[in-house]
Amino acid sequence: MSADDVSESRLQSAVVQPIPDDWFRPRSRKKHGAERLVRPSTSYWKDTWIQFRKNKLAMGGLAFLIMLGIMAVIGPLLSHYNVTAQNLVMQDLAPSPAHWFGTDNLGRDVFVRTWYGARISLFIGIVAALADLLIGVAYGGLSGYKGGRTDNVMMRIVEILYGLPYLLVVILLMVVMGPGLLTIVVALSATGWTDMARIVRGQVLQLKNYEFVIASKSFGSGTARIIRKSLVPNTMGPIIVQVTLTVPSAIFSEAFLSFLGLGVQAPFASWGVMVNDSLSAILSGYWWQLFFPALFISLTMFAFNIVGDGLQDALDPNLRS
Amino acid sequence: MSDQEPLLQVSHLHVTFKTHGGRVSAVRGVDFSVNRGETLAIVGESGCGKSVTSLSVMGLLPASGKITQGSIRFDHQELTRLTKKQMRRIRGVDLSMIFQDPMTSLNPTLSIGSQMTEGLVHQNKVPRSEARKRAVDMLKLVGIPNPQERMKEFPHQFSGGMRQRIVIAMALICQPKLIIADEPTTALDVTIQAQILELFGRIQRETGVAMIMITHDLGIVAKIADRIAVMYAGEIVETGNKRDIFYHSRHPYTKALLDSIVRIDLPSDELHPIEGAPPDLFSPPAGCAFSDRCPFAMEVCDHVQPPTTWLDLHHRAACWLLDKRAQAVREAVEK
Amino acid sequence: MAKYILKRFLEMLLTIWVIATLTFVLMHAIPGSPFNTSNGKSINAVAMKNLEAHYHLDQPLPVQYLIYLKSIITFNYGPSIRQPTQTVNDLIGQGFPVSFELGMWTLIVAIISGIALGVVAALKHNGIIDYLAMTIAVLGISIPNFVLATLLIQEFAVNLVWFPVGTWQGVSYMVLPVIALATGPMAIIARLTRSSMLEILNQDYIRVAEAKGLSPVLIVFKHALRNALLPVVTVVGTLAAGILTGTFVIEKIFAIPGMGKYFVDSINSRDYPVIMGTTVFYSTILIILLFLVDIIYGWLDPRINLH
């Protein structure tokens, strides 16, 4: 076996069909256009959405969250029971056509309370995430943009805050401020923004030497304007992902605090409060009192996590084909 | 026959990749051989399949890639028929590879010594102390000062050029019969490039190892290669020794490639890029892959793959212009 | 390396000081005296004076602050207000060993199983095992530990009666609480390990190692794992903090007599010295842990020596 034999056989196979002689003439040269782009160019956000839509799991999560939002608004209206109305004759009833999710130990309707819980959990999750966003973007943006000494000092502070055990600080704040919805939000935002600040700073550092920033600087734009107009729109990707991941962690923190008796106070229902209240009930076999709030906490956190993952993948240019 | 047979004989090699977009025929019927102690350069644009070819020889194709046809004979063994385990016995012992980027070719968390000796220790069962001695000798050979002390250091403590020397030393330490170097100087500064090329030359003189140098840089080829294979769109379009390719090239692609070199020794300051882009290998063309960009294309080039024509014992090219029916066109072109 | 350790050590002291000061400020921001009991019983003025003197509350704030700092340095957090016979140190002495045991086992289980799951998922990238492992991981992140704990009790303690619960008397009592507490951190570690392992397996030096003909086992353990674990090491400190606060609820659910029980009780009864003492004690432990993690990181990654 030598190289000759191989190319010989190739030659044979190539000349199976007879080739007309007039093919051996120069043909007119083909025109070359500019190099063709393989995929049509789309805007950044549209592109992200197209990528995101391909991810079925993440789309399912998004659909669930939209449903949950709608039910948090209209759910309590679908039932004629009141969220705080106690009915001692109807204690611990199993799910039935009258009480779809059953009743709790005070005869309150679990279905209505679950959607009220959704309101509170979503409210806390979203407000905490927005507060993180605001503080984090302002702090991280300023730190990254100013650079030098300012950046150094500001990041040292973040590093020290980062070293603090965050739930302990939240517990401490809650003890001092007294339990309640507002204090939870304040306590969570006071401790939660450091990650966001780090991410924003990283993005800003990367971007601030880009030419369009230098250009707007040379036009005499002020610092605040440059951050708002030029930097923020260009750093949105990782920030949005961080927001979607902050929401479930805030929801978890609320449930956790409620569980310690530091959360939303009775007679209001949050999912954490409901789980806490039903701990003893489960041993008596009243599983529905625990099951529904626990299910919705888990599903909500799951949905936010997979949406966050999906966004991360959709925003990652390396994964685009 | 043993000494008549080339060290490496690749015949009719086909490699396809499965991707999300479908099957890509990255290598389409490649033939070449490397004799003991000689240097073959494989030249071509990026994406022409030269790296895939070398990974096939090493048995290091990613999971999505597959050799669908052809044979790779190395040192009297058919590599495509070996098990993974048998292939590992050959890799790093008789067959070594040097990758493009020295900055990423070394593990950042392991000392140079550990990375130098691990092949010897685990593959050749050389005792550790003996392996260290050989590693120091190798580092000395590639020109690392104070090799004894530097064995303990980590990759980030070396410059890019030094790292590439270490990578070369690492490839040589098991005394392989063939080294495949995939663009070994592309990531380096020009001055360092020259030093590394010189090092390759010296090593070959001193150890007699055979080499495949994969590159897109004809300057490197001119310095170091004995023979040259020009690759285009997954095929070898022309093979010959240095003189054949540089002075008597017969394939229009080779000529275009040579023309595209910026030559400061000529009075013209015009650039001669090759117009157009290589074909889409998702659906390879029926005829010659270069016909779309070829200034001398004929009707036949669009429809039928050109056969390989042997011009002499070492020089062959795959082009319809070399067919006797195209004599009229060829003569017009050569004018 | 020594310079790096020293720098990190000083940073650690600074962080401990910040948390101690923060705790002090917050506790003194609460209006009124801690002796205004919620049940309405009034204490007479003389007794109040004595009590305040006992707890140094009659001193000016800066003096109180110095006394407080001294108590932290000497690890002597003073007596409890609600249970005057016991000092905070007593409570820590009783509860902490149990909590420490729970926390440590949780951390060990989470790290080992998380890394194993992540590595296997990465090696079988896009295979069934990968999808299975990552589904488990997202579920693990999504189910709050107290929900998981109640589910586990319901299923394995009440229905199947495989494991006893309540109190802390041996290995069989540990299984369920450790699983409940370890699942979340395990899931986080598994996801992180998988993604960093995938990144590392694509690196050139892995290809170089393959080109040397090293066996897959050696490549994974010697070349890939060490580098892939670097980002994992950095989150261990944060995870430990999560596990630690997690012990509060887990101990409550499983009726484990650990530190968490005293802490939750002290929160509910507003026993400020216990809250302060526990917070500072736990923060100190966590900050020391973070410090150790950084040292380990420096040891794993030779590049860190330069900084």
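Quantities reported herein were computed from a predicted structural model and do not represent experimental measurements. Chain naming here is simple, since letters A, B, ... match the order of the sequence lines and numbering starts at 1 in each.
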Less than 4.5 Å apart, side chain to side chain, heavy atoms only: is that true for C:Tyr205 and B:Pro108? yes
Quick one: what part of B:Met170 sits under 4.5 Å from any heavy atom of chain C, side chain, backbone, both or neither? side chain
C:Ile128, CD1: over 12 other non-hydrogen atoms inside 6.0 angstrom: no
With B:Thr109 as partner, the option from C:His223, C:Lys222, C:Arg226 fulfilling side-chain contact (heavy atoms from CB on, under 4.5 Å) is C:Arg226
What do you reckon, is CD of C:Glu155 surrounded by more than 12 foreign heavy atoms closer than 6.0 Å? yes
How close do B:Arg88 and C:Gly213 get, heavy atom to heavy atom, and via which atoms? CD-O, 3.4 Å
Below 3.5 Å, can you tabulate the donor-acceptor pairs from side chains in residues 92-100 of chain B to any protein atom, sequence neighbours excluded?
| residue | atom | partner | partner atom | Å |
| --- | --- | --- | --- | --- |
| B:Ser96 | OG | B:Ala171 | O | 2.7 |

Should the heavy atoms of other residues, nucleotides or ligands under 6.0 Å from CG of C:Leu13 be counted, would the total exceed 12? yes
Once you round to the nearest 0.5 Å, how far does CD of B:Glu118 lie from CG of C:Leu218? 6.5 Å
Is the closest side-chain heavy-atom distance between C:Leu214 and B:Arg91 below 4.5 Å? no
I need the minimum non-hydrogen distance between B:Ser105 and C:Val208, along with the two atoms involved. O-CG2, 3.5 Å
Chain C contact via B:Gln115 - which portion, at a heavy-atom distance below 4.5 Å: both
Distance from B:Met116 atom CE to C:Lys212 atom NZ, nearest 0.5 Å? 8.5 Å
Under 4.5 Å from any heavy atom of chain B - which part of C:Leu230: side chain
At a heavy-atom distance under 4.5 Å, which candidate from B:Leu110, B:Ile90, B:Asp101, B:Ile180 has the highest pair count against chain C? B:Leu110
Is a side-chain donor-acceptor pair under 3.5 Å present for C:Ser215 with B:Lys85? no
Is the number of heavy atoms from other residues, nucleotides or ligands under 6.0 Å of B:Glu153 CD greater than 12? yes
Which one of B:Thr104, B:Asn107, B:Leu106 has the most heavy-atom pairs closer than 4.5 Å to chain C? B:Asn107
Under 4.5 Å from any heavy atom of chain C - which part of B:Ser111: neither
A quick test of your reading: do over 12 heavy atoms of other residues, nucleotides or ligands sit less than 6.0 Å from CZ of B:Phe17? yes
